[in-house]
Colleague: 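Below is the structure I would like to discuss, written out as structure tokens.
A, B, ... follow the sequence lines: proteins, then strands. Residue 1 opens every chain.
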There are 2 protein chains.
Amino acid sequence: MRPLTHPSIDDITVEGILHALSDPVRVRIYAQLACAEGANSSCSAFLQMEDRCIPKSTLSQHFRALREAGLIRSERRGVEMLNTTRCDEIQQRFPGLLPAIMHAHAIQSGKPLPPDPEDQSSD
Amino acid sequence: MRPLTHPSIDDITVEGILHALSDPVRVRIYAQLACAEGANSSCSAFLQMEDRCIPKSTLSQHFRALREAGLIRSERRGVEMLNTTRCDEIQQRFPGLLPAIMHAHAIQSGKPLPPDPEDQSSD
DNA sequence: CCCATAGTTCGTAACATACGAACTCATGAA
DNA sequence: TTCATGAGTTCGTATGTTACGAACTATGGG
């Protein structure tokens, strides 16, 4: 089992981020992580998302995609995995990108957030 | 030859936009169109982009991808094609999304724009 | 009508993705 | 230490997507 690889902040690309978040399952995972930061962030917490039941091998691949795009950081916590977003780093490198995407996603889901408190604006 | 299809603004999805712009060639095309709005926007203008030479069948597919994602509008102008971005419409539906993406892309390309005048902030 | 130019579509090879089966790793019980 | 269990990963394969050359369609000019 190869050790988890995380790209350095400078190797993170816009294309990579967009591609990772262009998958509906992955945005949902990412949105969950971004909301419940630090809470129940193990992979298994997503085994039964709202409506669909996603097989765990597929979930594992999705987490890997998010990880290799630089969107999340995963570390072992005993038998589980602790997943956290790297939004602070990405905000440094690409200010406003993630908030804008998540905001648009919220609009599309019919639950537009109130104007985000600490986001959106270019750093 | 089927007539060009453009999704209605309500059928445009965030995932579709992100996927379309997650391809390096397509962002470059889109960026060009967004900059030189109305100028030389035919497909053939992109036949020899900066470094790579992209075959025209491939280019055609890229334009179709952008069109079907709702990012551009294409109409015949005689023998050519006039391509224009639909950024105003998209700005209505997903405020700040495209500016943030293009801004991030500019940063990555090493030419960060000055803080965008009318963008970024959550309407 | 014939030709040239601008794009599109088709066919196929290369690449990417989804998911079940089989695996690894950490932990806890015996 | 050994075995069992739960959490994730990797592999193999079927299915989908993408790239690009060849053949096609449309428009405009002689």
Side-chain angles (χ1 to χ4, degrees), chain A residues 1-6 13 15-30 32-33 38-49 51-69 71-84, chain B residues 1-6 13 15-30 32-33 38-49 51-69 71-84:
Chain A
M1 210 174 265
R2 53 182 84 127
L4 302 178
T5 66
H6 296 89
T13 66
E15 288 89 346
I17 292 175
L18 299 191
H19 180 248
L21 294 181
S22 70
D23 181 282
V25 174
R26 287 196 291 261
V27 239
R28 261 158 58 183
I29 293 176
Y30 184 82
Q32 286 281 85
L33 290 178
N40 196 357
S41 63
S42 64
C43 297
S44 58
F46 296 89
L47 269 175
Q48 302 179 19
M49 294 217 300
D51 39 350
R52 293 180 61 189
C53 184
I54 298 144
K56 68 178 191 169
S57 62
T58 304
L59 257 190
S60 179
Q61 301 289 12
H62 283 313
F63 273 90
R64 187 159 73 99
L66 288 169
R67 191 162 55 235
E68 295 187 347
L71 282 162
I72 65 172
R73 195 177 289 282
S74 313
E75 41 183 331
R76 288 216 101 101
R77 269 293 178 276
V79 72
E80 296 193 334
M81 213 70 151
L82 181 74
N83 294 290
T84 50
Chain B
M1 209 175 266
R2 52 183 85 127
L4 303 177
T5 67
H6 297 88
T13 66
E15 289 89 346
I17 291 174
L18 299 191
H19 180 248
L21 294 181
S22 71
D23 181 283
V25 174
R26 286 195 294 260
V27 241
R28 262 163 51 188
I29 293 176
Y30 183 82
Q32 286 280 86
L33 290 178
N40 196 356
S41 63
S42 63
C43 298
S44 58
F46 296 89
L47 269 175
Q48 301 179 21
M49 294 216 300
D51 39 350
R52 293 179 61 191
C53 184
I54 298 144
K56 65 178 193 169
S57 62
T58 304
L59 257 191
S60 179
Q61 302 288 13
H62 282 314
F63 273 89
R64 187 159 74 100
L66 289 169
R67 193 162 53 233
E68 295 185 349
L71 283 162
I72 65 172
R73 195 178 289 282
S74 313
E75 41 182 331
R76 285 217 102 102
R77 271 292 178 274
V79 72
E80 298 194 333
M81 213 69 150
L82 181 74
N83 294 290
T84 50

Colleague: Whole angstroms only, please: what is the CG-C1' distance between A:Leu82 and C:dC25?
Modeller: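 One finds 17 Å between C1' of C:dC25 and CG of A:Leu82, rounded.
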Colleague: Is the backbone of A:Leu21 close enough, under 3.5 Å, to the side chain of A:Arg26 for a donor and an acceptor to pair up by distance?
Modeller: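 Flag not set: sc A:Arg26 to bb A:Leu21 has no pair under 3.5 Å.
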Colleague: Tell me which nucleotide among C:dA26, C:dA6, C:dG20 gets nearest to the side chain of A:Pro55.
Modeller: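 Of C:dA26, C:dA6, C:dG20, C:dG20 is nearest to the side chain of A:Pro55.
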Colleague: Can you name the residues that form a ring pair (Phe, Tyr, Trp, His ring centres under 6.0 Å) with A:Phe63, not counting sequence neighbours?
Modeller: A:Phe46
Colleague: Output the rounded distance in Å from CG (A:Asp23) to C1' (C:dT17).
Modeller: 9 Å
Colleague: Would you indicate, yes or no, if D:dA19 has its OP1 or OP2 atom less than 4.0 angstrom from a side-chain nitrogen or oxygen of B:Thr58?
Modeller: no
Colleague: Please give, in whole Å, the distance from D:dG8 C1' to A:Asn83 CG?
Modeller: 11 Å
Colleague: Please state how far atom CD in B:Glu68 lies from atom P in C:dG7, giving the value in whole angstrom units.
Modeller: 17 Å
Colleague: Starting at CD1 of A:Ile72 and ending at C1' of D:dG8, how long is that distance when rounded to a whole Å?
Modeller: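 Atom CD1 in A:Ile72 sits about 13 Å away from atom C1' in D:dG8.
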Colleague: Indicate whether OP1 or OP2 belonging to C:dT8 is found under 4.0 Å from a side-chain N or O atom of B:Arg67.
Modeller: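 It does, given that an N or O in the side chain of B:Arg67 lies less than 4.0 Å from OP1 or OP2 of C:dT8.
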Colleague: Please report, rounded to the nearest Å, how far the C1' atom of D:dC11 is from the CZ atom of A:Arg64.
Modeller: 12 Å
Colleague: Taking all heavy atoms of A:Val25 and all of A:His62, pick out the closest pair and write down the distance.
Modeller: CG1-CD2, 3.7 Å
Colleague: Given A:Arg73 and A:Glu75, is the salt bridge (charged side-chain N to carboxylate O under 4.0 Å, His left out) satisfied, shown in steps?
Modeller: CA-CA 7 Å; A:Arg73 195 177 289 282; A:Glu75 41 183 331; over 6 Å; no
Colleague: Determine: side-chain N/O of B:Ser57 to OP1/OP2 of D:dC20, distance under 4.0 Å, yes or no.
Modeller: no
Colleague: Mapping A:His62 and B:Gln61 onto DNA chain C by nearest heavy atom, which one lands closer to the 5' end?
Modeller: B:Gln61
Colleague: Starting the side chain at C-beta, find the nucleotide from C:dA6, D:dG8, C:dA26 nearest to A:Ser60.
Modeller: D:dG8
Colleague: Give the rounded distance in Å between these two atoms: CD of B:Glu75 and C1' of C:dG7.
Modeller: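 From B:Glu75 CD to C:dG7 C1': 15 Å.
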Colleague: Please check if the side chain of A:His19 supplies one atom and the backbone of B:Leu18 the other of a donor-acceptor pair under 3.5 Å.
Modeller: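 The answer is no, because no donor-acceptor pair under 3.5 Å joins these two groups.
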Colleague: For A:His19 and A:Lys56, take the nucleotide of DNA chain C holding the closest heavy atom to each; which residue's nucleotide lies nearer the 5' end?
Modeller: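 Of the two residues, A:His19 wins.
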Colleague: Could you tell me the separation between the CD1 atom of B:Ile54 and the C1' atom of D:dG21, rounded to a whole number of Å?
Modeller: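 From B:Ile54 CD1 to D:dG21 C1': 16 Å.
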